[in-house]
S.K.: 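This is the structure I have questions about; it appears just below.
This one's a predicted model, so the numbers in the text were calculated from it and none came from an experiment.
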Amino acid sequence: MTDISRLSEQFDEAMFDIYRRAKSEAHYTATIFLGMLNAERGLMTARKLINAPKESDGYTALWLKKRLDLTVEAVVLENEKWHQLFTPEEIEKCKTRLHRCGYISKQHTSTEDSI
């Protein structure tokens, strides 16, 4: 198994994890997202959602619950180990979409906290 294959499997787990966390922490059941994950796994699901012309209904629901940290975009942006699975343009789309909704990166916050 290549490093990228192993990383892709770990990313699948991270995607299933945000589904579970959204359900337990935000009381949001992302049925469509779960269906996409089961059909296409994490990486293809994330790419489709990131490259969509507008935010998904799930993204909007999590924004309304003030839990953008549970979106695909936040998971990709916040953990640099996932960056090699995505193009620079896709990472920028994540950053732009989150910034437009007022999301503050945890990486940015932790840097400020240490100053």
S.K.: Would you say D57 has more than 12 foreign heavy atoms packed within less than 6.0 Å of its CG?
M.R.: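 No, CG of D57 has 12 or fewer neighbouring heavy atoms, counting only those of other groups under 6.0 Å.
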S.K.: Any salt bridge between K95 and E73, counting N to O under 4.0 Å?
M.R.: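 Salt bridge absent between K95 and E73.
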S.K.: Ion pair present between E40 and R47, side-chain N to carboxylate O less than 4.0 angstrom?
M.R.: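 Answer for the salt bridge query: no.
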S.K.: In terms of hydrophobic clustering (I, L, V, M, F, W, Y; side-chain heavy atoms under 4.5 Å; direct or indirect links), are I32 and L43 co-clustered?
M.R.: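 I32 clusters together with L43.
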S.K.: Answer yes or no: is there a donor N or O on one side and an acceptor on the other, between the side chain of Y59 and the main chain of R97, under 3.5 Å?
M.R.: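 At least one qualifying donor-acceptor pair exists.
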S.K.: Are L62 and M36 in one and the same hydrophobic cluster, where Ile, Leu, Val, Met, Phe, Trp and Tyr link if side-chain heavy atoms are under 4.5 Å apart?
M.R.: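 No.
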S.K.: Indicate yes or no for a side-chain donor-acceptor contact from N38 to the backbone of L34 under 3.5 Å, with no hydrogens or angles considered.
M.R.: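 Yes: the side chain of N38 pairs with the backbone of L34.
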S.K.: To the nearest 0.5 angstrom, please state how far the CG atom of N79 sits from the CD atom of Q10.
M.R.: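 Reported value, rounded in 0.5 Å steps: 9.5 Å.
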S.K.: Identify, with sequence neighbours excluded, every residue that meets side-chain contact (heavy atoms from CB on, under 4.5 Å) alongside D69.
M.R.: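 side-chain contact (heavy atoms from CB on, under 4.5 Å) list for D69, sorted by chain: R21, R67, Y103, K106.
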S.K.: Nearest 0.5 angstrom please: I18 CD1 to L70 CG, how far?
M.R.: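 That separation rounds to 7.0 Å.
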S.K.: Please check if atom NZ in K65 has more than 12 non-hydrogen atoms from other residues, nucleotides or ligands closer than 6.0 Å.
M.R.: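 Yes, enclosed.
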S.K.: Please collect all ring pair (Phe, Tyr, Trp, His ring centres under 6.0 Å) contacts where either partner lies in residues 61-82, sequence neighbours excluded, each pair once.
M.R.: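 Found F11-W82.
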S.K.: Apply the test side chain to side chain contact (heavy atoms under 4.5 Å, CB included) to residues I50 and V72: give CA-CA distance (whole Å), side-chain angles for both, the deciding distance (0.1 Å), then the verdict.
M.R.: CA-CA 8 Å; I50 291 166; V72 169; 4.2 Å; yes
S.K.: For the OG1 atom of T71 and the CD atom of E78, what is their distance to the nearest 0.5 Å?
M.R.: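 Spacing of OG1 (T71) from CD (E78) equals 9.0 Å.
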S.K.: Where is the tightest heavy-atom contact between S56 and L49, given as atom of each residue plus distance?
M.R.: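 Distance-wise, the nearest heavy atoms are CB-CD2, 3.9 Å.
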S.K.: Going by atom types alone, do S5 and T2 pair a side-chain donor with an acceptor below 3.5 Å?
M.R.: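 Short answer, yes.
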S.K.: Taking all non-hydrogen atoms of both residues into account, name the closest pair between L7 and K81 and its distance.
M.R.: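 Reported closest heavy-atom pair: CD2-O, 3.4 Å.
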S.K.: I'd like to know if the side chain of K23 reaches the main chain of T29, judged simply by a donor and an acceptor atom lying under 3.5 Å from each other, with no hydrogens or angles considered.
M.R.: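 The answer is no, because no donor-acceptor pair under 3.5 Å joins these two groups.
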S.K.: So, are R20 and E13 salt-bridged, with charged N and O less than 4.0 Å apart?
M.R.: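 Looking at E13 together with R20, the answer is yes, because their closest N to O distance falls below 4.0 Å.
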S.K.: If we ignore hydrogens and angles and just use 3.5 Å, is the side chain of S8 paired with the main-chain N or O of I4 as donor and acceptor?
M.R.: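 Not a single qualifying donor-acceptor pair exists.
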S.K.: Do E25 side-chain atoms and A22 backbone N/O form a donor-acceptor pair below 3.5 Å?
M.R.: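 No; zero donor-acceptor contacts below 3.5 Å.
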S.K.: Quick check against the 3.5 Å criterion: does D12 have a side-chain atom that pairs as donor or acceptor with the backbone of R41?
M.R.: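 Looks like no, no N/O pair under 3.5 Å.
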S.K.: Nearest 0.5 angstrom please: C101 SG to L64 CG, how far?
M.R.: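 So the SG of C101 and the CG of L64 are separated by 9.5 Å.
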S.K.: Consider only side-chain heavy atoms of I, L, V, M, F, W and Y, link residues closer than 4.5 Å, and tell whether Y28 and M15 are in one cluster.
M.R.: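 The answer is no; the residues belong to distinct hydrophobic clusters.
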S.K.: Does any N or O in the side chain of H83 come within less than 3.5 Å of the main-chain N or O of L77, such that one atom is a donor and the other an acceptor?
M.R.: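 Checked: pair present.
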S.K.: Closest approach of A14 and V75, non-hydrogen atoms and distance?
M.R.: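 So the two residues come closest at CB-CG1, 4.4 Å.
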S.K.: Hey, does the side chain of T96 reach the backbone of K93 with a donor-acceptor pair shorter than 3.5 angstrom?
M.R.: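 No: the side chain of T96 does not pair with the backbone of K93.
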